[in-house]
Structure formats: C-alpha cells, structure tokens
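Chain letters run A, B, ... following the sequence lines, proteins first, then strands; residues in each count from 1.
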4 protein chains.
Amino acid sequence: MTSELIDAAARPRWSAREQEFLTITLRLLQEHGYDRLTVDEVAAEAKASKATLYRRWPSKTDLVVAAFIEGVRIQARPPNTGSLREDLLAIGGMICATAGTHAPTVRAVLNEISRTPALREAMQSEFLDERHALFNEVLEAAVRRGEINADAVNPELWNVLPGYLVFRFLLPTPPPDAETVRALVDEVVLPSLTRKT
Amino acid sequence: MTSELIDAAARPRWSAREQEFLTITLRLLQEHGYDRLTVDEVAAEAKASKATLYRRWPSKTDLVVAAFIEGVRIQARPPNTGSLREDLLAIGGMICATAGTHAPTVRAVLNEISRTPALREAMQSEFLDERHALFNEVLEAAVRRGEINADAVNPELWNVLPGYLVFRFLLPTPPPDAETVRALVDEVVLPSLTRKT
Amino acid sequence: MTSELIDAAARPRWSAREQEFLTITLRLLQEHGYDRLTVDEVAAEAKASKATLYRRWPSKTDLVVAAFIEGVRIQARPPNTGSLREDLLAIGGMICATAGTHAPTVRAVLNEISRTPALREAMQSEFLDERHALFNEVLEAAVRRGEINADAVNPELWNVLPGYLVFRFLLPTPPPDAETVRALVDEVVLPSLTRKT
Amino acid sequence: MTSELIDAAARPRWSAREQEFLTITLRLLQEHGYDRLTVDEVAAEAKASKATLYRRWPSKTDLVVAAFIEGVRIQARPPNTGSLREDLLAIGGMICATAGTHAPTVRAVLNEISRTPALREAMQSEFLDERHALFNEVLEAAVRRGEINADAVNPELWNVLPGYLVFRFLLPTPPPDAETVRALVDEVVLPSLTRKT
DNA sequence: TCATAAGCGAGACGGTACGTCGTGTCTTACG
DNA sequence: CGTAAGACACGACGTACCGTCTCGCTTATGA
C-alpha cells in the first residue's frame, strides 16, 4: 500500500503545462472562490485557449477538482515520529497548514461533489483512500508499539481528527490553531484510543 | 439564554409570504443543488416576480443562505432526556435526520460563505451560536447532575460531535447512521468528557 | 366650426392637478424622450401616486398623448393678418416655435400611434382636424380676398406647409428657421397656390 | 458621386449572418412595432444568441436603426427616365412603395434618434446624404436638359417631395397614393421648380 | 363633535424585457 | 497536428419599468 502511494505520487500524472494550469486554477480558486473563478480567466492567465483546458478536463468542475487533488497530494506522507501522540500532532499540524489556504477549494469541491457520482468516486479514490491509508499506518504502528489496543480503533471513526479540523476550517469561526490540535489530540482522540473497552 | 432562544425562534423573522419563498427555495435546493437552482424557477413556483425576491435578498446566494438558516432553525431544541448519553444520542440523531436532506444546502452555503463577511456573521450569529447554546445547556445539565466534570469541557471542542457528523455528511462516503452516532458518543465523546484530567 | 374650436379650447378638459401632471409629463418628455420617461418619475415629481395617474390615463401612452395634445393646443389660432403670404408665414413661424420644443414629443406620439386605433382617432380628431380647420380658414379667406383661386387648393395637399416643417423638425438635420419658412412659402406654397391650372 | 454611391451600396457592410439578423429584425419590426419587438425573439428566430446580437449592436435601438438603414438602402437608385416629371413620379412611387411597409420602423427610428448624437450622425450620413445625392442627380439632369433653371433649386428645400410623403405616412390619415404623388409633383413641386424667379 | 366614507400618498407586487456574463463547443489561422 | 484566439448557442443573473393592487392617512361630509 505504501508503494502504491509512492507510485501514485511519483507518477507524472500531469505534464508540466498541465501542472501550470492546475497551479493557476488553484491560486485563482483561493483568491476568488469557485463561482467567481472563470475558465476564461484561467485560460487568459495561462495564455492558453479554453479548448486546451476543456480537452483535458471536460468541465470547470473537473478542472477544479483536479487542481484540488493536486494541491493536497504532496502532504500525504506518514510522519512516523515514533510516538502516536507526536504522529497525531504532526498530522493535525499538516492539515492546519494546508486546509487554511485550501479552504475555499475544499468548499468548492464539496459543493460540486453532490452532483456527479464520477466526482464522488474520484474524491473517494484519489483523496480519501490515501488519507485513510496514512492514518492506518500511523495507528497500526501505534498498535505494534503497544501504545493502543487494536480493537480500540473503530474503522468508522478513523477520520475524527482530520474531519473535525476540516470542519472547523469550513466554518466562519476563527480557524483551529496548534492549541486546538493539541486539545483535540490530548482530550479527544487519545482518550478515545486508550479508553478501556 | 433559553428565553432568548425561544424569542429568537418565536420572533417572526419572515412574513408568511417570505417563508413560502424560503420553503420553495429549500425544496428546489435539495432537488437540484445550488447551481441548478434558478431564481426564475423559485419565482415561478411561488407565482412571484423575480423583483420581489431580489427586494428581500439581494442575490441568489442571500436567498439560499436565508433558506438554509430558516430550514435548520426549527430543530434547535435541547432534548433534555435526563442522561448525558441519551442527550448526545438525541442530538446526533437530530443532526443525522436533518443534515441528510440538507447536505446540498450546507455544501452550497459553506461554499458561498467564503465570499462576504456579512454572510459569515449571519452564519455565526444565526446558526452556530444557537447550536453552541444548545450544547452548553446539555453539558451544563450533565455537570449539574454530576455526570461529568466541569473542566472536562473544552470550549474549543464543544462541537466535535456535530462537526464530525456534518463532516461525514459532506463527504462522498456513505453517510453516518445510528451506529455511527452511537460509536461516536460512546467511543469518542463520552471518553473525552469523562476522562481523568 | 370656429365655435367648436373655441368651445374645445375653453372647456376645462383637465383640472388644475391634471394640468400639473401633463405639464410635468411634457417637460420630462422633452428632456428624456419617450422611452426614458417613466411613469414613476412623473408621479414622483408631482408627489402623486402612480394610481392617481393611471386613474386618469389608462396607460403611459395615453398620458403622453394627452400631454402632447395639451401642449400644442394653445397655438391653434388663425393669424388673420389680411394677407395670405403673411398668414402662411405666421403659421410657419408658429410651427417652428412650438415644434422645436415638442420634437421629442411628436416623435414619441407618432411612434405610439401605430399601435392602437383609439390613439389614431384621438390624434385625428383632437389635433389634425383642428389644424385642418385653421388652414381652411386661412385659405378660404384668401379665396374670398381673391388672392388665390378656389380650385388651386387641393384638399389632399393642404398640409404641405406644416407637414414639411414638421418633417424637418423630426430629422437630425439642423431645424428649419425663418428663412426656411420664407423660402417654403415664397418658392413652394405660393407658386403652387397661384399657379395656372 | 455616382461611383461613391455604387461603392457604398456594393461594399459589404454586414456579413451574410448579420444581414440575416437585420432582415429578421426588420420583419419583426413591421409585424409588431418597436416596443413589441424583443431581442430575444430576434435571437430565437435567427437561432442566435443574444450575446451575438449585442456584440454587433450594443442595444436594441442600434439593432433597429441598422435594420432600417439596411432595409431602405436598396431603393436608393436614380430613376433616370429622361424627364423630370417622370423622375419625380418614379421617386414618389418608390417612396410610397417602401415607406408603407417601413412606417413603423421609421417611427421607431425617429423616436430613438433624439437620444444619442451618434445615431443622429448615422442617420445623416447613411441615409439622408444618399437621398440628397440621388435628388441632386435628378435635378442636375433636369437642369442639363434645360427643363428647369439652376437657381430655381433651393438647397434647403430639396426634400419637400420625400419629406411631405414621409410625413403623410407617419400620420394616422390614409396614406398617400399614386394620385397624391401626381398632385404633389404637378401642383407643388413642378410649379415651384419652374416658377419665374 | 365625532364617525364613516371617499380619495390620495406611498410603494409592494406580477410580469416581462433588457443587457451582461459564464460555460462548453466550435472554427480559423498560425507555427 | 496541436494550439491560441475568440466567436458562438445557451441560459441564468440582476435591473428596470409598466400597470395593478393594498395599506394608511387625510379630508370632507352626515349624525
């Protein structure tokens, strides 16, 4: 599974020109949000034709989703600090670092996701599965180290940590910070994982 | 605080006609999603003029947000079952019941929220604050009953339960069900609230 | 026929308040033209309700036509200078004096006239007939004085003088002036009326 | 001058597609009048987008004026029958033939003309100047043939014939017919042109 | 002197057209 | 042959205006 991740990350999914399109898309997305982003603007900034963009991504939505997935792909590395608490804090910090800039993108992608099942699957396979695998690694390592009990890990709840953090980023309230992450790890996630079943 | 909530809920924020607009908007939103919803369609279904809608809500976005806020307002009642666990399960069930139908709306509203601060504030004061108050009541009652310790409640993390559930509804994965709620309450929230500090 | 004219002019067709509406309408018409004139603006300037206007004139067009007819009514007096040439020059001067300010109104009224037959009849009976009568008087007086021959007057062509002048006012070319009127009378109308048949 | 006219007429001012737009506009204009004509309808009949129309003519008014100018352009050919009387009768007949169908258009165009100077100039250069040139040719030919005296032609009054006829078409009275034209030529225009100065 | 009605201001309303803008398709010309 | 440039059909947005309507307030009359 690890090798797949590496492969997936290493494989040149997009050419340099395509990367440029996605980068511009991502930037404009963060600046204007989904609705205010226009394909014409992306094309103009890239000095490309709209047809060139549509040849690769059949709709604005596809373009945006691809840009999002590309934008968050890089961070998907297991921290492997040797301690569950440190691993969780590292993951939380990583999420905070990226979700802050990508919040408009995430909002847009979530909004578009309700439309086409294809997009749902793309999101599932290209983003969530990777995250799930990353988390599994961290938790399995903790089990191997004896820090937690294997049956304390509920597969339905693996994403409480990232889920809550992302939720917080989507809200209009002040975004979570390092202290939020610490509290979440120490007062929620670890108590849950180390509870007596 | 309870009286404020009741007042806020009882106060006729919108006239009957306006309520009708919001109801139609909400229904069409659930049916088509944000982008496929057209103001013309809302007007036609309400046998109203577009100008009438735009007089109240200066843009499609404002209309949708108002519809959302109105649509979720009703559920904001503390369950008060006498047991913290039951209260939390009730709240979780409530969220599952409403978030399922409102998921497209929530996605749309979140997406639009990144645009204008005014919208942010509306979301904050008209939606989140009410939820916070509701949660506070439940937790304070539990403290009074001695079920939990007052300092186990971290004010930054009060919304882990609703936050995670909503997050799950936004995802393309299968939505949370009663078992998810139970697991979340028993294996995450309660261990956190009853942990030894 | 003369008495009818006098009666028509003397009869208080409109109350003082209604006159005020018509005056404002006429002014705004000259300022903005027909399309840019809004009933709301007339109502606002008159500090009246739109309903009050619509109670009297069932449509914007009726209001405008009434204003126009009222605006040009006053000038409909035979000059009676004792000389055909002087009479014609007087009429021409009169037309120049009024058509200049009323050009936008005339344009508007003509445009609207193609729509409803009712308006056509109003224009015919309330405006053209009066002008025709005025002209007849002048020409008959000239016949009586022996200046022209009765059969030189073609009833189809009685309005060449006003017609050409009005036409000129409708055009974007510089409007006719006193010299134009003189040339028209001396070089066209009089040669026609005094030609050998 | 003749060559200029021919050039102007031959020059493809509008593409075939644009001509189609103008033709449809002209037809709908004659059917419904200016106000009842909608840009949407023109676009629908032409299976075109509104944006396509607005790209060429920035407003409904511009579209209508262009359609009018195009619609009357074709007829601007000197008759050249060899006799002044026949030439005038031919021109008069031409005007009657076209002004009848174009009356609503002319009314609309005149009405809109009072708005923007640009429109005024377009009307002047693209329509009136051509007519003036045509008339000059006819009259100069008559002078060359010795039918009339050069100084009997007042340049201010060149358009009495078309002006009066158009005026008559604008009125709600029955439109001029062949007999009207004959009377106008024989009893007004020719007496004026052949008078002793 | 008070009440009941008629008229008016203010302005919301349904409807409809305008003019703008964005998406996704398509054509043209260039390298 | 792929691409930049951009025209195009479609359709929604948000605005403006017309003509209708309702709501209060005022005024003018009847008890």
Side-chain angles (χ1 to χ4, degrees), chain A residues 15 17 21 32 34-64, chain B residues 15 17-18 21 32 34-64, chain C residues 15 17 21 32 34-44 46-64, chain D residues 15 17-18 21 32 34-44 46-64:
Chain A
S15 72
R17 182 72 167 138
F21 293 152
H32 307 324
Y34 182 83
D35 290 32
R36 304 282 245 250
L37 167 75
T38 68
V39 179
D40 285 85
E41 196 183 5
V42 175
E45 294 234 359
K47 289 215 176 297
S49 165
K50 277 202 296 176
T52 305
L53 292 172
Y54 278 100
R55 198 171 302 124
R56 282 154 177 80
W57 302 281
S59 76
K60 173 181 169 180
T61 297
D62 291 271
L63 171 62
V64 166
Chain B
S15 72
R17 184 71 166 135
E18 288 161 341
F21 294 151
H32 308 325
Y34 181 83
D35 291 32
R36 305 284 245 249
L37 168 75
T38 69
V39 179
D40 285 86
E41 194 183 5
V42 175
E45 293 235 357
K47 289 209 179 300
S49 165
K50 273 200 298 176
T52 303
L53 293 173
Y54 278 101
R55 197 173 301 123
R56 284 157 175 78
W57 301 283
S59 75
K60 174 181 168 179
T61 296
D62 292 86
L63 171 62
V64 165
Chain C
S15 73
R17 183 70 166 138
F21 294 152
H32 307 325
Y34 181 84
D35 291 32
R36 306 280 248 248
L37 168 75
T38 68
V39 180
D40 286 83
E41 195 184 5
V42 175
K47 290 216 174 294
S49 166
K50 277 201 297 175
T52 306
L53 292 172
Y54 278 100
R55 199 172 299 126
R56 282 154 177 82
W57 301 281
S59 76
K60 172 182 170 180
T61 297
D62 292 88
L63 171 62
V64 165
Chain D
S15 72
R17 183 71 166 136
E18 286 161 342
F21 294 152
H32 307 325
Y34 181 83
D35 292 31
R36 304 284 244 249
L37 168 75
T38 69
V39 180
D40 285 86
E41 195 183 4
V42 175
K47 288 209 178 301
S49 164
K50 274 202 296 177
T52 303
L53 294 173
Y54 278 101
R55 197 174 299 126
R56 284 159 175 78
W57 301 281
S59 75
K60 174 181 169 180
T61 297
D62 292 86
L63 171 62
V64 165

Query raised in the report: Base, sugar-phosphate alone, or nothing: which one does A:T52 contact when heavy atoms must sit under 4.0 Å apart?
Result: sugar-phosphate

Query raised in the report: Start at the 5' end of DNA chain E and walk down; is the nucleotide closest to B:R56 or to D:P58 reached first?
Result: B:R56

Query raised in the report: Which of the following nucleotides, E:dG11, F:dC17, E:dG24, is nearest to the side chain of C:T38?
Result: F:dC17

Requested in this report: For B:F21 and E:dA12, give me the distance from atom CZ to atom C1', rounded to whole Å.
Outcome: 11 Å

Query raised in the report: Between E:dT20 atom P and D:W57 atom CH2, what is the distance in whole Å?
Result: 15 Å

Requested in this report: Please confirm whether any donor atom in the side chain of C:K47 sits under 3.5 Å from an acceptor in the base of E:dG9, or the reverse.
Outcome: no

Requested in this report: Look at the side chain of C:S49 and the base of E:dA10, then say whether one donor and one acceptor between them are separated by less than 3.5 Å.
Outcome: yes

Requested in this report: Please state how far atom CG in B:D35 lies from atom P in F:dA12, giving the value in whole angstrom units.
Outcome: 12 Å

**Report entry** Atom-pair distance (OH on C:Y54; P on F:dT22), nearest Å
**Finding:** 17 Å

Report task. Let me know, please, whether D:R55 or B:A51 comes out on the 5' side of the other along DNA chain F by nearest nucleotide. Result -> D:R55

Query raised in the report: Heavy atoms under 4.0 Å, any strand shown: does C:R36 hit a base, just sugar-phosphate, or nothing?
Result: nothing

Query - Smallest separation among heavy atoms of B:S59 and B:Y54, with atom names - result: CA-CE2, 3.9 Å

Query raised in the report: Closest heavy-atom contact between B:E18 and B:S15?
Result: OE1-N, 2.7 Å

Report task. Answer with yes or no whether B:K50 presents, from its side chain, a donor or acceptor under 3.5 Å of a partner atom in the base of F:dG14. Result -> yes

**Report entry** Exercise: identify the closest heavy-atom pair between B:K50 and B:A43
**Finding:** N-CB, 4.0 Å

Query raised in the report: With a non-hydrogen cut-off below 4.0 angstrom, is C:L63 in contact with a base, only sugar-phosphate, or nothing?
Result: nothing

Query raised in the report: With sugar-phosphate meaning primed atoms plus P, OP1 and OP2, does D:A43 contact a base, only sugar-phosphate, or nothing at under 4.0 Å between heavy atoms?
Result: nothing

Requested in this report: Round to the nearest Å and state the distance from D:R17 atom CZ to E:dT27 atom C1'.
Outcome: 14 Å

Report task. Grab the two heavy atoms, one from B:R36 and one from B:E41, that are nearest each other, plus how far apart they are. Result -> O-OE1, 4.3 Å

Query raised in the report: For B:L37, which contact category applies under a 4.0 Å heavy-atom criterion: base, sugar-phosphate, or nothing?
Result: sugar-phosphate

Report task. Would you kindly give the CG-to-C1' distance between C:D40 and E:dC13, to the nearest whole Å? Result -> 13 Å

Requested in this report: Measure across C:V39 and C:K60 and return the closest heavy-atom pair with its distance rounded to 0.1 Å.
Outcome: CG2-CB, 3.8 Å

Query raised in the report: Checking all strands, does B:K60 fall into the base, sugar-phosphate, or nothing category for heavy-atom contacts under 4.0 angstrom?
Result: sugar-phosphate

Query raised in the report: Within this structure, what is the CD-to-P distance between A:E45 and F:dA5, rounded to whole angstrom?
Result: 13 Å

Query raised in the report: Taking for each residue the nucleotide of DNA chain E with the nearest heavy atom, is it A:S59 or D:E41 whose nucleotide lies nearer the 5' end?
Result: D:E41

Requested in this report: Could you state the atom-to-atom distance from OH of B:Y34 to C1' of F:dA12 in whole Å?
Outcome: 11 Å

Query raised in the report: For C:R17, does the CZ atom have more than 12 heavy-atom neighbours from other residues, nucleotides or ligands under 6.0 Å away?
Result: yes

